[in-house]
Amino acid sequence: MATNKGGRKRLGDRKRKHTITLRFNTSELQKVKILLESYNLDFGKRGTVGPFLRRLILNREMVKEKRIPDGISNLSYQLNKIGTNINQLVKLANYKNMRSPNSNLEREVGKANELMNELVGTLKTKS
């Protein structure tokens with residue numbers, strides 16, 4: 001077994017093999033630079049930003065967010081689909097210059113409004 005008589009120490013299992021690329025817009029990059037300056041680190045110096053961001057991310061305490069139950073999540077998805085359909089109908093009516101509202105459309109919007117009020121009431125009672 002050969003011994004290492006100099007040079008760089010071997011990292012072994014601590015070697016970083018995985019890469020994540022981050023892209024920032026101008027305002028986000030300015031915020032990162034300001035954050036680095038608050039820690040007296042030079043943005044232009046090589047090998048400063050990566051370790052700083054790694055420590056900032058990995059040492060931060062995790063905050064577990066409240067998760068919406070699956071049933072309510074599915075209901076929300078269905079409501080979004082209904083809203084998409086209504087938007088498509090309105091867009092079509094505007095495209096064809098149908099200025100007078102369709103009575104069926106008004107009735108459907110009314111039903112959707114009633115369902116939304118029921119949903120809000122149900123969610124308030126569960127909370």
Side-chain angles (χ1 to χ4, degrees):
M1 195 193 278
T3 60
N4 189 2
K5 292 190 176 184
R8 189 170 169 191
K9 292 182 181 179
R10 304 220 179 233
L11 292 176
D13 62 342
R14 296 183 310 143
K15 186 171 183 175
R16 295 185 179 97
K17 303 175 199 172
H18 308 285
T19 315
I20 297 176
T21 304
L22 291 174
R23 294 183 185 267
F24 297 106
N25 62 25
T26 306
S27 63
E28 292 169 340
L29 185 63
Q30 288 301 321
K31 289 179 184 178
V32 170
K33 286 180 180 179
I34 291 170
L35 190 60
L36 283 166
E37 287 176 7
S38 70
Y39 284 92
N40 293 325
L41 296 172
D42 184 17
F43 178 79
K45 187 176 177 186
R46 184 181 167 152
T48 319
V49 180
F52 173 75
L53 292 177
R54 186 181 312 110
R55 269 187 264 123
L56 190 67
I57 292 169
L58 295 178
N59 293 341
R60 176 169 254 171
E61 192 172 310
M62 296 288 283
V63 177
K64 190 172 184 179
E65 296 181 13
K66 294 180 182 177
R67 186 167 180 230
I68 298 174
D70 289 337
I72 295 175
S73 177
N74 187 29
L75 182 62
S76 174
Y77 171 75
Q78 295 299 328
L79 284 172
N80 282 339
K81 297 296 277 184
I82 291 169
T84 301
N85 290 340
I86 291 172
N87 284 339
Q88 289 173 352
L89 289 172
V90 169
K91 195 173 191 178
L92 181 66
N94 284 334
Y95 179 73
K96 292 188 175 185
N97 289 326
M98 296 178 162
R99 300 286 179 201
S100 61
N102 189 350
S103 63
N104 289 334
L105 181 60
E106 284 182 3
R107 186 171 49 241
E108 292 299 320
V109 169
K111 286 181 184 178
N113 202 4
E114 289 174 16
L115 287 171
M116 286 292 277
N117 287 334
E118 273 185 45
L119 176 64
V120 168
T122 304
L123 289 176
K124 284 183 180 178
T125 58
K126 286 188 178 183
S127 298

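What's counted below: heavy atoms across the whole structure, side chains too, no hydrogens, waters or symmetry copies. Each residue takes its place number in the sequence, starting with 1.
Separation of atoms CG (Asn25) and NZ (Lys31) is listed at 8.5 Å; rounding is to 0.5 Å. The line from CD1 of Ile82 to NZ of Lys111 is 11.5 Å long, rounded to the nearest 0.5 Å. Atom NZ of Lys81 is separated from atom CD of Gln78 by 8.0 Å, given to the nearest 0.5 angstrom.
Cluster partners of Leu29, by chain and number: Leu22, Phe24, Val32, Leu35, Leu36, Tyr39, Leu41, Phe43, Val49, Phe52, Leu53, Leu56. The rule joins Ile, Leu, Val, Met, Phe, Trp and Tyr whenever side-chain heavy atoms lie under 4.5 Å apart.
Counting all heavy atoms, side chain and backbone alike, Glu28 lies closest to Arg23 at OE1-O, 4.1 Å. Closest non-hydrogen pair, Asp42 versus Thr48, comes out as O-OG1, 3.4 Å.
Note on Leu123: it clusters hydrophobically with Leu79, by side-chain heavy-atom contacts below 4.5 Å among ILVMFWY residues.
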Exercise for the section: Under the side-chain contact (heavy atoms from CB on, under 4.5 Å) rule, what do Lys91 and Gln88 come out as? Steps first, then yes or no, please. Expected result: CA-CA 5 Å; Lys91 195 173 191 178; Gln88 289 173 352; 5.6 Å; no
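Annotation: Ile20, atom CD1; neighbour count of heavy atoms from other residues, nucleotides and ligands within 6.0 Å does not exceed 12.
The shortest side-chain heavy-atom distance between Leu89 and Asn85 does not fall under the 4.5 Å cut-off.
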